[in-house]
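Here is how names work: the chains are called A, B, and so on, in the same order as the sequence lines, proteins then strands, and each is numbered from 1.
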Amino acid sequence: MEEIESEDEEDDQILPDLPNAEEYDEIRMRCAPNPNGPWHMGHARMPAVIGTYAEEYDGEFIVRFDDTDPETKRPLLWAYDEILEEVEYLGFEPADVYRASDRLEIYYDHARDLIEKGGAYTCSCSGEEFSDMKNSGEACPHRDKDAETTMAEFEAMIDGEYDSGEMVLRVKTDIEHKNPALRDWVGFRIIDTPHPREEAEEYRCWPMLDFQSGVDDHLTGVTHIIRGIDLQDSAKRQQFVYDYFGWEYPEVIHWGHVQVDEYDVKMSTSTIRELIEDGELDGWDDPRAPTLPSVERRGIRGEAIVDAMVELGTSTSNVDLAMSTVYSNNRELIDDDADRYFFVREDHVDFTLAGDHPEEAHPPVHPEHEDRGTRDIDAGNRVRVEAEDVPEDGERIWLKGFGCFRRDGETFEYAGDDISAVRDEGVDVIHWVPADTAVLTRMRTIHGDQIGYAEPGFRDTEEDEMVQFERVGFVRVDDHEESDESVAYFAHE
RNA sequence: GCUCCGUUGGUGUAGUCCGGCCAAUCAUCUUGCCCUCUCACGGCAAGGACCAGGGUUCAAAUCCCUGACGGAGCACCA
């Protein structure tokens, strides 16, 4: 029995083993977003994977907002909480939440330390000047400054005595390092634009990512870092700081970029924001936007996304996430609970009913759960079907849950309720709605809105409920009240 | 230009460290059939990949070399 359980557990672990996990008492990882907007699908990968690792290793993870650039990557104040909600939506809870903009004094103290150790110098070269020297392996004239001068100038940076661009603090690495990306990088610079957070609005001297993140990873006990290949030189840069302080660098995993298919909109926070500002998207949760608020509104469960992300693994090459995988996961989660309804899309055609047909139709609420009973649809005098489903004149069609009809021009003549017409004679089964009482419904999809008509009982569904429009797909009920049309968000087939 | 890194079917992934059990795993996907008053769910079947070329070896997806292709960094962005 024990053996079986342990085997099962092994099967459950899809992610590759964490490097040197056994050397740490407790695994602790971090998710370090920049709060400059809500998350898109790609952002879900980090909490999905480190949250899963935390579960597998009985460890924990933290969220740390790396909000150290009030200007070019200006944080949005509401994005902090929004992102935390998205982590929750994905089904995870961080052990701690930090904001780098709360921690400036900590970074300053470490910078002072570093200066005393001779590991940093203030530099007033222009970016271009320095870049030229650096690329030819030459030290700039400021490199040999004594620690006292550097310290005084660094304090002046903190005190706001320089304008943006006038002075930076560089970490002294190896000016002749064969990889030019590692040579004497900037640790602190001046930004004139105040930080949007009240708590941080007075600061002008801001650490760069490599300094801030390097210090914080150590101070917050991070044992394993996952980051993108765009940051593959970061560990090597930060290693110089760690060496000055005598710290051990955490384990690092680099992964490639993730792309998501299906969407017409590029997956980038700035692109999405522009489209919203231009009015092309209704907001961050527009179904056409590849964002987490959007997929949540469509009724995709966080778990479906997490499973798909975890399956992507942590390879260093770029990967494409097929939304079909997410949909497949989600279908499995929701199918059992999703009641069935009819929904006739544009273009539609109406037919007058003729003959001795029953007044009501009684299709099952869910084909696999008879106990949930049937819907009762009063057919009225006319039914509405999709143009694509209209049979040739004179041919029969089976209105699902209702009965067989033969088309005669613009009328449907009742042709009985003998199911053998379907089973043995090949009559097609289609969905339909009563034309006069159907519920006008806007179905919002990833490729734009679609108008249609739901059966009357759809009015009684509750907001947030997942239902299946038979032969159309699964949707999340969004709203019945706001306008004269009901609104549903299309999830997937 | 300099410096890193990668390349298994449409997509993702296992296997690569320690060469043979790999004529390559699993999922998704596509197609067909079955089930069915849904094109959902379920069942069955099929399709589809080791970037290329050399080398080492009895044996290479796995080791070595070269090349091609792709990605990333060389920011006072994260």
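Between the base of B:U28 and the side chain of A:E311 there is no donor-acceptor pair shorter than 3.5 Å. The base of B:C77 sits with one of its N or O atoms less than 3.5 Å from a complementary donor or acceptor on the side chain of A:K73.
Partner assigned to B:A46 is B:U30, using Watson-Crick or G-U wobble distances below 3.5 angstrom.
For the pair A:R197 and A:F65, the cation-pi test (distance below 6.0 Å, angle within 45°) is failed. Both the sub-6.0 Å distance and the 45° axial angle are satisfied by A:R375 relative to the ring of A:F342.
For the OP1/OP2 pair of B:G6 and a distance below 4.0 Å, the side-chain nitrogens and oxygens of A:S315 include no atom meeting the criterion. Between A:R331 and B:C41 there is a side-chain N or O to OP1 or OP2 distance below 4.0 Å. Side-chain N/O atoms of A:K134 include one lying less than 4.0 angstrom from OP1 or OP2 on B:A75. An OP1 or OP2 oxygen of B:U11 is reached within less than 4.0 angstrom by no side-chain nitrogen or oxygen of A:S324. Phosphate contact (OP1/OP2 of B:A78, side-chain N/O of A:S213, threshold under 4.0 Å): absent. A close approach under 4.0 Å does occur between a side-chain nitrogen or oxygen of A:R189 and OP1 or OP2 of B:C77.
Using a 4.0 Å cut-off between charged nitrogen and carboxylate oxygen, A:R331 and A:E493 do not count as a salt-bridge pair. Taking a cutoff of 4.0 Å between a charged side-chain nitrogen and a carboxylate oxygen, A:R396 and A:E425 qualify as a salt bridge. Taking the charged nitrogens against the carboxylate oxygens, A:E303 and A:R301 have no contact shorter than 4.0 Å, which rules out a salt bridge. With respect to the salt-bridge test (charged N to carboxylate O, under 4.0 angstrom), the residues A:K400 and A:D428 do not qualify.
To the nearest angstrom, P of B:C37 lies 13 Å from CD of A:E368. A:R375 places its CZ atom 12 Å from the P atom of B:U38, with the value rounded to the nearest Å. A straight line from CG of A:N318 to P of B:U13 spans 11 Å, rounded to a whole angstrom. Put simply, NE2 on A:H431 is 14 Å from P on B:A40, counting in whole angstrom units. Atom CZ in A:R340 sits roughly 9 Å away from atom P in B:C41 (whole-Å rounding). Taking atom CD of residue A:E360 and atom P of nucleotide B:C37, one finds them 21 Å apart after rounding to whole Å. Rounding to whole angstrom units, CG of residue A:L312 and C1' of B:A14 are separated by 14 Å. B:C74 atom C1' lies 15 Å from atom CH2 of A:W185, rounded to whole Å.
If you check every strand for non-hydrogen atoms under 4.0 Å, A:H254 touches nothing. Base engagement by A:G165 is indicated by at least one non-hydrogen atom pair under 4.0 Å involving a base atom. Among the atoms of the strands shown, only primed sugar atoms or phosphate atoms (P, OP1, OP2) are found under 4.0 Å from some heavy atom of A:K178.
Residue order along RNA chain B, read from the 5' end via each residue's closest nucleotide, puts A:R45 first among A:R423 and A:R45. Each of A:I191 and A:P367 was matched to the nucleotide of RNA chain B holding its nearest heavy atom; the match closer to the 5' end belongs to A:P367.
Side-chain atoms of A:M208 lie closest to B:A78 of the nucleotides B:A78, B:C37, B:G73.
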